[in-house]
Peer 1: 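If you scroll down you'll find the structure; I have some questions about it.
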Amino acid sequence: MAIHVTLPDGNQLELPEGATGADAAAAIGPGLARAALAIEVSHPEAGEGPEVRDLARPLPDGAHVSILTSRSGEAALALIRHDAAHVLAAAVMELYPGVKISIGPAIEDGFYYDFEFPAGTSISEAEFPAIEERMRAHVKAAETFEREDVAPAQARERFLAEGQDYKVELIDDLVAAASAEDPLQTVSLYTNGPFTDLCRGPHAPSTSTVSAFKLRSVAGAYWRGDSDRTMLTRIYGTAFFSKSDLAEHLERIEQAKERDHRKLGRELGLFTFSDVSPGAAFWLPAGTGVFNALVAMSRRMGAERGYSEVKTPQIFDAELWRTSGHWGKYRENMFTLTVEEREMAVKPMNCPGHCQLFASTRHSYRDLPLRYSEPGLLHRNEPSGVLHGLLRVRHFAQDDGHIFCTEEQVQDEVRGCLEMAFATYAMFDFDVRLELSTRPEQRIGDDELWDRAERKLTEALAEAGLEYDLNPGDGAFYGPKIDMHMTDSLGRSWQLGTVQLDYQMPARFGLQYTGADNHEHTPVMIHRAMFGSYERFIGILLEHYGGELPLWLAPVQAIVLPVSDRFAGYAQTVCEQLSDGSVRTEVDARSESVGRKIRDAELRKIPYMLVVGEREQAENAVSVRARPAVAAEREGASGNGSGPAQDGAIPLAEFIRDVRGQL
RNA sequence: GCCGGAGUAGCUCAGCUGGUAGAGCGCCUGUCUUGUAAACAGGGGGUCAGGGGUUCGAGUCCCCUCUCCGGCUCCA
């Protein structure tokens, strides 16, 4: 009997019955046989989707197969990273007798393994060299990964005897998860050298492929992600097929550190942090300038779209938060205080204040939609461990807005929010990805209401012709939402704006409007933000642009550099004329060399450097040096793609006109 | 909040097993009067995160607190 499998090019391969992936590779060619790591098998007729399997497993007749080698991209990398996790566990078990192992998967960019070390043993990066040395020994030994399928009870007994409680729990859960009609027959064990692990697989034939690896960091991680359970020690590492790929990856990480917004914020003099107010940025003048430029943009765009800016208090009686529902669900994250025996809280969001505003007067359906905006200052008492630069703070400002409208208006309003969001993001070169989050398990309101709300969001997305990912169950407890995520220049994803439908809060606050039927109705509330928080958005922008902000956002847009003290007067004139033309300009009047002034301006990433001396003064001109990104944008610039663009002296009036055209 | 690590001048960091705190850059002053990424010289600057302890003596060892960093959990 022979079996037939189909190769990716459509050709059929005939193999003896019982042939394995390795046999298939060998049948195709000896080179491939050597390079093969695993095999992707799918069996469309049997309804079996693609699955990566060990080369040693027999192939089913009629399958479609594809051999994985080091050139198979992410799937192959994930395979050897998982191998590396086993090698790590093997090394750790040898070095630390009594250690308990839990799980060790491949992840994006690498792998980890979670351990419970014996009491009194703690691991730090100082131990990495010793662990890596043991790992290298296992790799050098080219230990084969042997798969064994055994009865769950047998595996359980084995791990129980070894004191591997986490493995026992995993087996128990696997057994429990299987149905009574279809009980779990076997679990698979993989052994490399002295180490055996409960593992679904697959693995490469041997540890020898894991040649370029590095342990990266150590961290705590809760067993099964549950904060009520044991904190395990997680060791992170990464692995590649070649030393050069590894080196390149480590280099990228170093470059990312250079773009860290916390570092850039300090270097560019934008903001600072202090022990006296953890989780809150102190904005320096330059950073405040960036902040205000964004606020101005938000105000302008809001005004163009029928928003009315409002201002509401920072501190409210607890009663308001009881009404909104925050007191019950969110109290731990609010800053509370007692004022003359009244319990009060600093606002963590603006919506209840806006509801209060709405309730302050009577409304007719003719007033709707009513769109309030407020760059509101918020405080949220985030747990200390989660604070992170500008990206996770306790004090921040939101470009917040709330729309009160009739149910019939919801769809148009949601579409309007999406339009505003895309108009906002168009100012930056982001790729924006949308996510629709639907009803969570914990929710208020009946299902009919949720059906309607979700349908309205879906239809608004469809009308706007937007693609989106569905995120079932991730909506807010009061309504479904559309979240907007961006991918930055380093490929990381960040959540920015949000559009949330809320049928609950208006009802809780007893908000009403008089309809055309002369009856009272409850409005629908839409919560929306484009930036999310200004702090977070600026942090993301800094990392995205590596600190080189677009011209219109740069705190200082041009700096005038007189070549000597004699031209300070002319420099001042140039500065004033630019400032009059709304270009944020400074003069570097220090008695320093031009080279020095250029260097300092470059380090501050100031878009335009204007050198002025004898010739410029005589001709009422400036010599322009521009940072590459800005030069590329500016018409007529002589930038050659790399390096700074330098024009000869051009008339000051012409420069001002050009720059204003760019703003 | 949890696990681990760290905190020395404005910044980046050095300071071996305990013996009265150092560099570079920045800053200030003076000289230089500068043509596209760092002129030269001199000077000021630190309760070594804060508090407690051990010791004849603590930046260094121990304990507590705070903050930061890397993760985990969380982000309604």
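Sequence lines set the chain letters: A, B, ... in the order given, protein chains first and strands last, and positions in each chain run from 1. Every heavy atom of this structure was used, including side-chain atoms; hydrogens, water molecules and symmetry mates were not. This one's a predicted model, so the numbers in the text were calculated from it and none came from an experiment.
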Peer 1: Counting distance alone, no hydrogens or angles: does the base of B/rA76 have a donor or acceptor under 3.5 Å from a partner atom on the side chain of A/R331?
Peer 2: no
Peer 1: Suppose we call a contact any N or O donor and acceptor under 3.5 Å apart; does that hold for the side chain of A/R380 and the base of B/rC74?
Peer 2: no
Peer 1: Between the base of B/rG1 and the side chain of A/Y222, is there a donor and acceptor pair under 3.5 angstrom?
Peer 2: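 Yes.
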Peer 1: Does A/L387 reach a base, just sugar-phosphate, or nothing at all? Heavy atoms under 4.0 Å.
Peer 2: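 Sugar-phosphate contact only.
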Peer 1: Counting side-chain heavy atoms from C-beta on, which of B/rU36, B/rA76, B/rG70 comes nearest to A/K329?
Peer 2: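 Closest nucleotide among those given: B/rA76.
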Peer 1: Looking at B/rC2, which nucleotide sits across from it as a Watson-Crick or G-U wobble partner, both distances under 3.5 angstrom, or is there none?
Peer 2: B/rG71
Peer 1: Considering only side-chain heavy atoms of A/V218, which listed nucleotide, B/rG4, B/rG35, B/rU34, is closest?
Peer 2: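 So the side chain of A/V218 is nearest to B/rG4.
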Peer 1: Would you indicate what A/Y236 reaches in the nucleic acid, counting non-hydrogen atoms under 4.0 angstrom: base, sugar-phosphate, or nothing?
Peer 2: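 It contacts sugar-phosphate atoms only.
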Peer 1: Does a side-chain N-to-carboxylate-O contact under 4.0 Å join A/R443 and A/D447?
Peer 2: yes
Peer 1: Taking the C1' atom of each, how far is B/rG51 from B/rU67, in whole Å?
Peer 2: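 It comes out at 15 Å once rounded to the nearest Å.
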Peer 1: Answer yes when A/E374 and A/K347 have at least one side-chain N-carboxylate O distance shorter than 4.0 Å, and no when they do not.
Peer 2: yes
Peer 1: For A/G385, which contact category applies under a 4.0 Å heavy-atom criterion: base, sugar-phosphate, or nothing?
Peer 2: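 Touches a base.
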Peer 1: Hey, which of these two, A/M349 or A/S227, hits RNA chain B nearer its 5' end, going by closest nucleotide?
Peer 2: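 Nearest nucleotide further toward 5': that of A/S227.
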Peer 1: Checking contacts here: which listed nucleotide (B/rU33, B/rG70, B/rC72) is nearest the side-chain heavy atoms of A/M231?
Peer 2: B/rC72
Peer 1: In Å, rounded to the nearest 0.5 Å, how long is the span from CG of A/D483 to OG of A/S437?
Peer 2: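 Taking CG in A/D483 and OG in A/S437, the distance rounds to 5.0 Å.
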Peer 1: Ignoring hydrogens and angles, does a donor from either the side chain of A/E127 or the base of B/rG4 sit under 3.5 Å from an acceptor on the other?
Peer 2: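 Per atom types, no contact qualifies.
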Peer 1: Quantified in whole Å, what is the C1' atom distance between nucleotide B/rC25 and nucleotide B/rG43?
Peer 2: 16 Å
Peer 1: Considering every strand and a 4.0 Å limit on heavy-atom distances, what is the contact class for A/E125: base, sugar-phosphate, or nothing?
Peer 2: nothing
Peer 1: Could you tell me whether A/G225 contacts a base, only the sugar-phosphate backbone, or nothing, with contacts defined as non-hydrogen atoms closer than 4.0 Å?
Peer 2: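 Touches sugar-phosphate only.
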Peer 1: Base, sugar-phosphate alone, or nothing: which one does A/R262 contact when heavy atoms must sit under 4.0 Å apart?
Peer 2: sugar-phosphate
Peer 1: Among B/rA76, B/rC68, B/rG4, which nucleotide has an atom closest to any side-chain atom of A/H326?
Peer 2: B/rA76
Peer 1: Out of B/rU34, B/rA76, B/rU36, which has the shortest distance to the side chain of A/D565?
Peer 2: B/rU34
Peer 1: Taking the C1' atom of each, how far is B/rU20 from B/rU36, in whole Å?
Peer 2: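 These two C1' atoms come out 49 Å apart once rounded.
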Peer 1: Which nucleotide wins on minimum distance to the side chain of A/L603, given the candidates B/rA76, B/rA37, B/rC72?
Peer 2: B/rA37
Peer 1: Among B/rU67, B/rU36, B/rC68, find the nucleotide with the atom closest to the side chain of A/D275.
Peer 2: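 For A/D275, the side-chain atoms sit closest to B/rU67.
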Peer 1: Any N or O donor-acceptor pair linking the side chain of A/R599 to the base of B/rA38 at under 3.5 Å?
Peer 2: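 Donor-acceptor pair under 3.5 Å: yes.
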Peer 1: Decide, yes or no, whether a salt bridge links A/R216 with A/E125 under the criterion of side-chain N to carboxylate O below 4.0 Å.
Peer 2: no
Peer 1: Tell me the partner of B/rG46, counting only Watson-Crick (N1-N3 plus N6-O4 or O6-N4) or G-U wobble (N1-O2 and O6-N3) with both under 3.5 Å; none if nothing fits.
Peer 2: none
Peer 1: What is the base-pairing partner of B/rU36, counting Watson-Crick and G-U wobble geometry with both distances under 3.5 Å?
Peer 2: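 Per the H-bond distance test, none.
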Peer 1: Determine the interatomic distance between P on B/rU34 and the same-named atom on B/rA49; round to the nearest Å.
Peer 2: 48 Å
Peer 1: Using a cut-off of less than 4.0 Å, is there contact between a side-chain N or O of A/R234 and OP1 or OP2 of B/rG4?
Peer 2: no
Peer 1: Applying side-chain hydrogen bond (donor to acceptor under 3.5 Å, both in side chains) between A/Y478 and each of A/Q500, A/Q504, A/R508, report the one that passes.
Peer 2: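 The residue from A/Q500, A/Q504, A/R508 that satisfies side-chain hydrogen bond (donor to acceptor under 3.5 Å, both in side chains) with A/Y478 turns out to be A/Q500.
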Peer 1: Quick one: is A/R596 getting a side-chain N or O under 4.0 Å of the B/rG26 phosphate, OP1 or OP2?
Peer 2: yes
Peer 1: Could you check if a side-chain atom of A/Q557 sits within less than 4.5 angstrom of a side-chain atom of A/L578, using non-hydrogen atoms only?
Peer 2: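 Side chain of A/Q557 against side chain of A/L578, heavy atoms only: no contact under 4.5 Å found.
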Peer 1: Counting heavy atoms from C-beta on, name the nucleotide in B/rU33, B/rU36, B/rC75 closest to the side chain of A/R625.
Peer 2: B/rU36
Peer 1: Choose from B/rC68, B/rU12, B/rA37 the nucleotide whose nearest atom is closest to any side-chain atom of A/R266.
Peer 2: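 Taking heavy atoms from C-beta onward, the closest nucleotide is B/rU12.
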